[in-house]
Amino acid sequence: MTKISTSVRVRPLAKDIDLRNHIAKQRESSNLPIIAGTTNALKPSVCVHGGRSVSAAGTQFNFPTSVITGEDQSAMFQHLGDPVLMALAGGRNATIIAYGQTGSGKTHTMLGPRGSLTIDAIQQSAPNCPPSWGIFPRAIFQILSSGSAPVIRLSAVEIFHDQAYDLLNYRAPLQVGSKKSGLKFKSRSTHLSGAEIVNGVHPPGCRCGDCWKEKNRLVAERRAMRERGEFGNGKASHRERKASTSTSPASSAPSGFATVGESVTRINSISDVASISSTIEATRTASSHALNDRSSRSHCLIRLEITSNVGGAGLKQTLLFVDLAGSERIAKSGATGALAREATSINSSLTVLGRVIQSLGTGKPHVPYRDSCLTRLLRSDLEGGAVVSVCICVADGEEHGDETVCSLRFGSRMSVVRNDAREEVAYYAAEEAAYNREQLRIAKIELADLEAKGYREKFGEGSNPSEIKSYLANKEQLEKYERQLLEARKALLEAKAKARRGGGGSVGVGALAARVGELKQGVDNMQGILMRERSIKGFVFPPKQLWVSKQALVRELQKMI
């Protein structure tokens with residue numbers, strides 16, 4: 001039984017004077033005390049011992065598989081990326097997770113520096129991989145350069161305020177459902193903390209009547225399963241219950257949760273990687289605070305589905321990259337208002353992840369996967385569905401000592417979790433395609449039947465035709481603004497990359513930045529107009545949950561064919 005490979009990457013002391021000035025100004029404007037790392041007297045706090053041990057604030061940790069220092073992305077990939085590719089070569093799925101406090105270099109490790117994933121970077125480094133690229137683009141570069149010619153499909157999901165959004169479809173909200181039961185909820189409720197219902201999926205902890213009834217139904221089902229001897233956590237002994245939650249290959253039945261209906265795009269060349277990566281960077285939620293001038297405010301899950309030809313049969317594998325949002329102390333970051341609420345949501349989901357890891361490491365019979373969207377989506381990987389590798393990112397400097405120790409303690413708990421990934425089984429592509437086509441045909445018929453019954457978005461009786469026309473035109477205009485904004489943001493990233501390289505273009509950068517601002521204002525205006533139109537009583541009714549679920553199923557089957 002193998003354990004999760006856990007490495008540590010130490011971000012060097014901040015020598016960038018602009019970054020230090022930014023931190024100092026942010027803290028001054030927030031009326032927060034100046035901390036040690038914002039002065040010129042920078043003091044290291046992380047000590048590395050022989051590349052396999054690290055100490056911080058007087059505490060030594062011996063768990064790391066490797067300790068990575070310095071800024072060399074290629075050397076980093078040898079420690080973190082090569083084992084992941086070896087797992088794929090061995091017929092297994094793989095997952096790599098970046099964890100750490102805000103500003104510790106997680107996104108730098110997983111993707112690369114801001115603005116580095118551009119076509120210009122590819123052209124400057126051809127035929128080699130751009131030196132600043134992180135694990136995700138380097139892994140695809142290696143796969144495409146291997147000559148095996150697999151089919152690669154990619155999806156990118158953001159978890160923001162414990163809800164899933166599609167980063168390749170203008171942050172369209174996504175459902176998260178059980179792979180076994182496909183559990184969905186109706187869209188009428190009163191819920192906690194002002195959290196929103198997205199596509200009819202209620203937030204965790206919802207106490208509405210529908211959720212209460214659904215919970216009772218599930219309890220009754222599980223009780224009946226225990227009585228029939230079909231459920232391991234009922235009358236079974238403690239040892240049997242413990243075995244039922246093990247990550248051994250014996251538990252081969254699919255479990256866990258997955259997003260439904262996200263956009264999937266095919267990767268044919270390294271240029272596609274740059275284009276999609278810039279889309280993710282331009283779409284993902286990020287903000288500036290006192291500790292990080294571009295802090296990711298959401299968890300990002302990038303999933304590759306890699307299909308290879310093995311002896312005439314198809315072998316389908318997944319490679320998942322998880323760039324977690326950084327934990328932060330609001331007293332240090334100076335976050336207020338919406339930023340403070342985002343920080344609270346981030347810290348809450350990371351706390352749930354910590355409880356899951358603690359339960360797995362100590363062999364507890366119950367693992368609280370359902371307590372957050374993040375842990376629901378990671379469940380199948382942590383239960384043996386993939387070879388899991390974790391990079392604990394820490395920031396050197398005495399001002400980060402407490403956060404560094406907390407991150408390293410999480411890594412220590414992670415390193416004892418057993419994870420023996422199952423080997424994927426090849427399938428015959430023709431048979432699977434025929435099955436998927438039949439399922440798609442049935443789903444389309446059912447969707448059309450639901451539309452005929454009025455389950456999709458519809459207007460109320462007696463609605464003014466001119467108002468309906470205006471509403472539809474506004475929706476179309478919003479989609480147009482969103483497309484233009486995304487393209488403008490990607491063009492701005494390319495222009496900034498050329499300007500940093502010394503290729504001029506400062507005027508072009510300014511014009512593009514102004515264009516992005518105009519389009520962002522247009523998007524905000526159209527969203528406000530549509531929100532007001534939807535608030536008119538009896539004017540427009542949202543689609544029913546059954547239709548939304550069926551539409552997502554149709555999209556899911558279409559991407560599989």
Side-chain angles (χ1 to χ4, degrees), residues 158 160-161 163-175 184-203 206 208-211 259-263 283 285 338 443-489 514-556 558:
E158 173 186 64
F160 181 67
H161 278 304
Q163 301 289 351
Y165 297 89
D166 189 351
L167 288 177
L168 301 185
N169 188 23
Y170 313 108
R171 297 189 75 247
L174 295 170
Q175 293 181 351
K184 301 292 185 297
F185 296 110
K186 297 178 182 179
S187 58
R188 176 173 51 86
S189 82
T190 303
H191 44 80
L192 295 174
S193 307
E196 296 180 355
I197 299 174
V198 179
N199 269 1
V201 179
H202 291 204
C206 181
C208 74
D210 291 331
C211 290
T259 51
V260 181
E262 69 268 29
S263 301
T283 310
T285 306
K444 285 183 175 180
I445 293 174
E446 293 173 343
L447 182 64
D449 181 59
L450 292 174
E451 290 182 2
K453 293 178 180 179
Y455 277 38
R456 65 175 304 168
E457 183 181 64
K458 62 180 180 179
F459 297 96
E461 295 183 7
S463 296
N464 192 316
S466 63
E467 292 179 351
I468 294 175
K469 184 177 180 181
S470 174
Y471 175 81
L472 296 176
N474 289 336
K475 286 183 66 176
E476 184 178 347
Q477 184 64 35
L478 175 61
E479 294 174 358
K480 179 181 177 181
Y481 275 146
E482 287 177 334
R483 288 193 299 269
Q484 292 176 343
L485 177 59
L486 177 58
E487 293 303 318
R489 282 175 167 170
R515 176 62 173 163
V516 167
E518 293 174 0
L519 291 170
K520 180 65 169 65
Q521 184 176 2
V523 169
D524 292 341
N525 289 340
M526 295 310 303
Q527 288 176 339
I529 292 172
L530 287 171
M531 185 178 299
R532 288 191 293 271
E533 289 179 326
R534 287 167 178 153
S535 67
I536 299 174
K537 186 176 181 180
F539 174 58
V540 61
F541 296 92
K544 294 185 180 296
Q545 177 55 34
L546 187 58
W547 185 86
V548 172
S549 302
K550 191 63 64 175
Q551 185 189 46
L553 176 61
V554 169
R555 289 199 301 265
E556 186 81 9
Q558 285 174 335

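We count residues from 1, following the sequence as given.
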| message | Taking salt bridge (Lys or Arg N to Asp or Glu O under 4.0 Å) as the cut-off, I'd like each qualifying pair that reaches into residues 472-486, sequence neighbours left out, listed once. | response |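 Residue pairs with at least one partner in residues 472-486: E457-K475.
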| query | Tell me, which pairs form a salt bridge (Lys or Arg N to Asp or Glu O under 4.0 Å) where one or both residues lie in residues 519-536, sequence neighbours left out? | reply |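 Listed once each, the pairs are K520-D524.
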Using the test side-chain hydrogen bond (donor to acceptor under 3.5 Å, both in side chains), find all partners of [X] that sit at least two apart in sequence or belong to another chain.
X: K453; result: D449
X: S466; result: N464
X: N169; result: none

| query | Under 3.5 Å, is there a donor-acceptor pair between the side chain of D166 and the main chain of S263? | reply |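 A pair under 3.5 Å: yes.
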| field | Any side-chain heavy-atom pair of L174 and Y165 under 4.5 Å | value |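 No - every pair of side-chain heavy atoms lies 4.5 Å or more apart.
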| message | Is any side-chain heavy atom of K550 closer than 4.5 Å to one of E451? | response |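 Not in contact.
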| request: Provide the closest heavy-atom pair for G538 versus S463 in the form atom of the first, atom of the second, distance. | output: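 For G538 and S463, the tightest heavy-atom pair comes out as O-OG, 3.9 Å.
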| task | Please report the closest heavy-atom contact between Q551 and L447, naming both atoms and the distance. | result |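 Nearest pair, atom of Q551 first, then L447: N-CD1, 3.9 Å.
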| request: Only counting residues at least two apart or in another chain, list the ones meeting ring-ring contact (aromatic ring centres under 6.0 Å, His included) with F459. | output: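 Counting only residues at least two positions away or on another chain, F459 forms a ring-ring contact (aromatic ring centres under 6.0 Å, His included) with Y471, F539.
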Can you tell me how far apart [atom1] ([X]) and [atom2] ([Y]) are? Round to the nearest 0.5 Å.
X: L530; Y: L478; atom1: CG; atom2: CG; answer: 6.0 Å
X: E262; Y: E158; atom1: CD; atom2: CD; answer: 14.0 Å
X: R489; Y: T283; atom1: CZ; atom2: OG1; answer: 7.0 Å
X: L485; Y: R515; atom1: CG; atom2: CZ; answer: 9.5 Å
X: M531; Y: I529; atom1: CE; atom2: CD1; answer: 11.5 Å

